[in-house]
Amino acid sequence: MDTTILIMVTIFIVAAMAISIALVLLQSRKNRKIKHQLEKLEVEKNKIDSTPIVPELSKIESYLKNEKLEAMYNNWKDRLDVIRTDQIPKITDMLLEADYSLSKMDYKSTVYKIAKLEMELYKVRTNSEFLLNEIKEITSSEERNRAIITKFKALYRELFQKFSNARDEYGEIAEPVELQFENIAKRFEEFEKNMENNEFLEVTTVINSIDEMLKHMSIVVEEIPSIYLMTTSVLPKKIKEAEEEYKKMVAEGYPLDYLNVEYNIDEANKKINDILDRSRVLNLEDSLFELKVLSDYFDALFTDFEKEKLNKSEYLETNESFSKKLKKTNKLMSDILNGLDEIRNLYNLSNSDIESLQLVGNDLEALNNDYKVLLDHTGNQTFAYSKLTKEIEGLNVKLSNIEEKVDTVLNSIDSMKDDEIRARQQLEEVKTILKDSKDKIREYNLPIIPQNYFVELNDAQVAIKEIIRELEKKPITVDVLNTRVDTARDLVLKLYNTTKEMMKTAMFAEMAIVYGNRYRSSVDDLDKFLTYAEKLFYQGEYQKSLEISINSLNKVESGIYDKLLNLYANKNEVK
């Protein structure tokens, strides 16, 4: 038990020592970190203290030739004294206090003092840098200003040389340009005088002034020749040409009021004079842009003139073509309307046909009125030819629509005439077919003609009489006439086909009976069938007679039908 207690005591002592060592190490590390921080702040303070303000300020002493600079020097000196005798010592005291707190291991107080110290250092460093920059603005101004002025003089010589080489292009504006160059030269002299008198504040103003004047002169030298050329030569020439062309076209009858040429020329001349007046005092703001706008306007004006000429030519050509077409349509429509009573007497026109004619007539009358208004506007030169061309193109479209309607009416009337002529031609054709049918029935002396033949013959003759009756009516109803013609044609063709078929069947039946006579005495029952076929033949039952004779002969001579068919064909060919 004593051993256990001893071990526990030992462990406790070792642990306590380890904790103590760890705390000491942590304390030492924290001390070193804060100490390092204070050392850095010390370095920062020394940098501020060693700022080369005094050497720069001593340079100013040689420039003290005017009251303004002397007042500035005294101010800078006072501000430097505040930094050296007040602010820097204050920082030193704050460093000592923070270091003392650290030595007492009062970390909270130390961190707080370091924060205040950093803020104070920042304030003093800013004051020092600002003071140094103000002083350097004077001490380094001569070298800097000399470099700037050297560049300005080079630019001045370049601009002046460019101006001198093209002086004639500036015209009357060359004199104010020369005066401005003289003003810039005087500014250079003023710069030298201020530098000599150490008027450094005035030097900056002079440099800025020279800078602005040279920038302006760069624009002047670049733009004045173009402005002078445009205002004194190019635009006046364009205006003169436009004015002459305008007067010439107006004299030739072109309606150009819509272009406001005279007003725009007056305004253009005012603008040119204004730009020229401003150029004489070297005020070039927006001058080139305004001149370009004027130039573009007159270029566009000449384009409008050319368009108007083309439009006039197109209008006159379209007008001539339209006038001829309208005259032709008017005559055609007049002939139709004047002959309407005669057409009504010939043909039974429907209400829709009459209404269509009236509507076309109304449309044509409205078109003639619109065309008259257009001609009136053309004569009094109210509208531009471009507008007149659009108007006549619209009338042309209307005329085309009317022409289509007139053509439809004419086609309808012509169709009625054609139908009448075709009906008369087809009447003769069906008469011929009917005659052929009658002639064909007489070619072969049939023992009897079936009753259905006479029924079809009567129907065909009645249909032909209906055509004749319809053609004799006044006015003719074309639809009814066409129906009568179609009916008659169908009935006559049916009669013709019936005649041909009946003739063929009768002749074929007779051939079969005659051909079978050779077998009557030698073949049993054949005589009985052929006799019955003959009886049917004389009764007009030609189809049944043919069927019985062919069927009975086929038992005696296979293929008899084809053989008889060939004989029938050969017989007809010989005929």
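Bear in mind the structure is a predicted one, so any value in this text is a computation, not a measurement. Residues: numbered from 1 along the sequence shown.
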S.K.: Is a side-chain N or O of T389 found less than 3.5 angstrom from the main chain of N311, in a donor-acceptor match?
M.R.: yes
S.K.: With heavy-atom distances below 4.5 Å as the criterion, would you say the side chains of F152 and F188 are in contact?
M.R.: yes
S.K.: Checking S218 side chain against L214 main chain: does a donor-acceptor pair fall under 3.5 Å?
M.R.: yes
S.K.: Determine, step by step, whether F302 and E241 satisfy the side chain to side chain contact (heavy atoms under 4.5 Å, CB included) criterion, reporting the C-alpha distance in whole Å, the side-chain angles of both residues, the deciding distance to 0.1 Å, and the verdict.
M.R.: CA-CA 9 Å; F302 284 112; E241 290 175 354; 3.6 Å; yes
S.K.: Is a side-chain donor or acceptor of S164 paired with a backbone partner of F160 at a separation under 3.5 angstrom?
M.R.: yes
S.K.: Counting only N and O atoms by type, is there a donor-acceptor contact under 3.5 Å from the side chain of S323 to the main-chain atoms of N319?
M.R.: no
S.K.: Within the side chain of S233, is there an N or O that forms a donor-acceptor pair under 3.5 Å with the backbone of M230?
M.R.: no
S.K.: What's the verdict on salt bridge (Lys or Arg N to Asp or Glu O under 4.0 Å) for E189 and K186, showing C-alpha distance, side-chain angles and the deciding distance?
M.R.: CA-CA 5 Å; E189 293 174 3; K186 290 178 181 178; over 6 Å; no
S.K.: Under the 3.5 angstrom rule, does the side chain of N273 hit a backbone N or O of N269 as a donor-acceptor pair?
M.R.: yes
S.K.: Would R79 and F130 count as a side chain to side chain contact (heavy atoms under 4.5 Å, CB included) here? Give the steps.
M.R.: CA-CA 11 Å; R79 286 161 60 188; F130 192 74; 3.5 Å; yes
S.K.: Test L282 against every option in I219, L179, V220 by the side chain to side chain contact (heavy atoms under 4.5 Å, CB included) rule and name the one that passes.
M.R.: V220
S.K.: Could you tell me whether the side chain of R125 and the main chain of E44 form a donor-acceptor pair under 3.5 Å?
M.R.: no
S.K.: Let me see the working for S400 and K325 under side chain to side chain contact (heavy atoms under 4.5 Å, CB included), right down to the final yes or no.
M.R.: CA-CA 9 Å; S400 296; K325 288 169 63 178; 4.1 Å; yes
S.K.: Give the ring-plane orientation class for F181 versus Y156, where under 30° counts as parallel, over 60° as perpendicular and anything between as tilted.
M.R.: perpendicular
S.K.: Does some side-chain heavy atom of K398 sit less than 4.5 Å from a side-chain heavy atom of D370?
M.R.: yes
S.K.: Can you tell if the side chain of E320 reaches within under 4.5 Å of the side chain of L316, non-hydrogen atoms only?
M.R.: no
S.K.: Just wondering, do E223 and S287 contact through their side chains at under 4.5 Å, heavy atoms?
M.R.: no
